[in-house]
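Values reported hereafter were calculated over all heavy atoms of this structure, with side chains retained and with hydrogens, waters and symmetry mates removed.
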Amino acid sequence: MALTGRTALLAALGSLPIGIWEPSWTGILAVNTPLALACACDFALAAPVRRLRLTRSGDTSVRLGDPADVTLTITNPSRRPLRAHLRDAWPPSTWRQGTEHDASRHRLTIPAGERRRVTTRLFPTRRGDRHADRVTVRSYGPLGLFTRQGTHAVPWTVRVLPPFHSRKHLPSKLARLRELDGRTSVLTRGEGTEFDSLREYVPGDDTRSIDWRATARQSAVAVRTWRPERDRRILLVLDTGRTSAGRVGDAPRLDASMDAALLLGALASRAGDRVDLLAYDRRIRALVQGRTAGQVLPALVNAMAPLEPELVETDARGLTATALHTAPRRSLIVLLTSLEAAPVEEGLLPVLSRLTKRHTVLVASVADPAIEMMAASRGTTESIYNAASAAQAQAERLRTAEKLMRHGVTVVDATPSDLAPALADAYLSLKAAGRL
């Protein structure tokens with residue numbers, strides 16, 4: 001490791017024989033004049049740091065679990081070559097454990113008037129926006145005796161998006177949707193709102209269905225056939241309050257709810273339904289409205305990326321009022337929240353009738369797989385007590401779900417790995433039953 005400045009000079013002086021220290025400082029400096037000149041020359045030949053020009057380019061978004069590459073372009077406008085070590089600092093959650101030292105540090109050699117690029121590979125470990133910190137450059141002289149050091153602020157933001165693990169279920173759900181559409185697209189006479197085709201009039205047809213323009217162009221009387229409207233509005237409501245912060249496995253419940261919402265949003269948009277998103281606790285955290293089918297999934301992913309659970313009790317009345325304002329027409333409201341007894345009985349149930357009066361309501365909740373494992377455990381006294389506690393917790397969730405179902409609400413309660421496909425199946429079942 002190179003010594004710098006006064007440290008190098010004292011080290012050189014300290015290496016001299018003891019007798020050298022006896023003369024005056026004049027004698028000492030006379031003996032070390034070559035070293036002093038070397039240090040002065042090394043300092044003078046080190047390229048200045050603050051005159052460097054730095055710009056960034058590269059990835060601005062990445063899915064959680066994937067790497068992101070951010071490139072720094074360093075321009076050396078001075079007349080001296082730059083020999084430097086560079087550190088590109090980012091927040092700790094941008095790196096996998098133990099990789100920051102190797103990934104954020106670079107060695108540079110840039111001739112005078114030229115530029116070079118270095119790429120920093122990031123491995124984010126959390127969702128949200130990751131902002132670049134300072135870039136520190138340490139410029140060395142040819143001998144490595146002196147250095148110049150400075151920092152530059154080079155702003156850049158990488159948005160870490162939800163991983164969307166449940167997208168692997170999308171092909172099978174789309175296949176079931178196509179099968180459902182083929183089985184239920186029954187043509188009716190004079191009913192529905194979507195025009196399908198023309199056919200020849202038969203006695204008993206509603207005369208209001210006669211298409212007189214088409215009749216004028218052919219010899220037979222033509223009537224319009226219709227199909228019932230199947231495209232509906234879906235409002236995904238994410239509860240970002242206190243209960244969403246509870247960890248299930250390695251992630252908070254909110255992450256599993258997001259994954260389920262993304263699968264349902266992708267499926268419903270492919271079905272032609274209009275999909276909106278509302279994230280709420282005591283105020284609106286995210287809102288997505290009015291996107292076309294091709295824009296829905298990117299908009300949902302981008303809106304969910306910075307969401308974090310808030311350690312406050314969700315305002316059920318405010319959530320209900322905001323949901324009704326966001327979905328003025330009849331819709332399917334999918335509420336991803338907790339099935340804990342207290343928040344549901346004290347918060348949601350008193351205002352639930354305002355939602356069910358106008359809309360079809362589906363409540364989806366994340367169950368803890370550890371509870372299922374505890375409920376099945378046997379063999380020791382401790383495991384039996386654990387099983388009894390788990391069974392009591394499951395019975396309480398079941399009672400809460402039954403109270404919701406008595407209000408006409410469809411309830412989906414599943415573990416994180418099963419919640420997304422279970423929610424998609426519930427949506428398809430509602431569609432097959434004509435409740436959408």
Side-chain angles (χ1 to χ4, degrees), residues 56-71 90-91 93-94 121-132 155-170 173-174 233-241 244-245 251-281 283-310 319 322-323 325-327 331 333-337 364 366 416 419-420 423-424 427:
R56 289 191 187 271
S57 60
D59 295 330
T60 57
S61 64
V62 63
R63 288 195 183 278
L64 182 63
D66 294 339
D69 292 331
V70 178
T71 299
W90 288 77
S93 59
T94 311
R121 173 155 285 193
L122 311 177
F123 289 94
T125 58
R126 292 177 56 190
R127 284 182 298 100
D129 293 336
R130 299 291 170 263
H131 303 284
W156 194 259
T157 300
V158 175
R159 173 157 286 191
V160 186
L161 307 174
F164 194 14
H165 295 304
S166 62
R167 64 181 179 273
K168 63 186 177 184
H169 299 289
L170 186 58
K173 303 307 175 186
L174 288 174
R233 294 170 180 259
I234 314 294
L235 176 60
L236 304 171
V237 182
L238 283 173
D239 179 357
T240 56
S244 68
R253 282 187 168 88
L254 180 61
D255 285 25
S257 297
M258 287 181 182
D259 196 52
L262 287 174
L263 179 62
L264 180 56
L267 179 63
S269 64
R270 298 286 186 90
D273 294 341
R274 173 178 168 176
V275 180
D276 297 331
L277 170 72
L278 170 66
Y280 192 94
D281 41 70
R283 63 181 179 87
I284 297 175
R285 302 290 178 178
L287 183 63
V288 175
Q289 283 184 292
R291 303 303 175 94
T292 62
Q295 298 172 337
V296 166
L297 190 57
L300 293 181
V301 170
N302 194 56
M304 290 178 185
L307 288 178
E308 294 292 343
E310 300 292 330
L319 185 150
T322 306
H325 181 266
T326 306
S331 308
I333 294 183
V334 180
L335 176 57
L336 294 116
T337 186
V366 182
L419 181 63
L423 182 58
Y427 162 78

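With hydrogens and angles left out, the side-chain atoms of T240 and D281 include a donor and acceptor closer than 3.5 Å. Judged purely by distance below 3.5 Å, without hydrogens or angles, the side chains of D259 and S166 pair a donor atom with an acceptor atom. In this model, a donor atom of one side chain and an acceptor atom of the other lie less than 3.5 Å apart for S93 and R130.
Considering CG of L335 and CG of L235, their distance stands at 9.5 Å, rounded to 0.5 Å. For the atom pair S269 OG and L264 CG, the distance stands at 9.5 Å (nearest 0.5 Å). How far CZ of F164 is from CG of L170: 6.0 Å, rounded to the nearest 0.5 Å. Within the model, atoms CE of M304 and CE of M258 stand 6.5 Å from one another, a figure rounded to the nearest 0.5 Å. Considering NE2 of H165 and CG of L64, their distance stands at 6.5 Å, rounded to 0.5 Å. A distance of 8.5 Å separates CH2 in W156 from CH2 in W90, rounded to the nearest 0.5 Å.
When atom types are taken as modelled, the side chain of S331 and the backbone of A327 share no donor-acceptor pair closer than 3.5 angstrom.
For Q289, the side chain to side chain donor-acceptor pair (under 3.5 Å) criterion is met by no residue, not counting sequence neighbours. By the side chain to side chain donor-acceptor pair (under 3.5 Å) test, Y427 is found to be paired with D273, residues two or more places apart in sequence or in another chain being considered.
Salt bridge annotation for R285-E310: present, with a cationic side-chain nitrogen under 4.0 angstrom from a carboxylate oxygen. Under a 4.0 Å N-O distance rule, the pair D255/R127 qualifies as a salt bridge.
Across L423 and A364, no two heavy atoms sit closer than the pair CD1-CB, 4.0 Å. Nearest heavy atoms, P124 versus V160: CB-CG2, 3.5 Å. Minimum heavy-atom separation, R63 to P162: NH1-O, 3.0 Å. The minimum heavy-atom distance between D59 and P67, with the atom names listed, is OD2-O, 4.4 Å.
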For this session: Assess whether side-chain contact (heavy atoms from CB on, under 4.5 Å) is satisfied between R270 and K173, documenting all intermediate values.
Result: CA-CA 10 Å; R270 298 286 186 90; K173 303 307 175 186; over 6 Å; no
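V334 is listed as a side-chain neighbour of L336, based on a closest heavy-atom distance under 4.5 Å.
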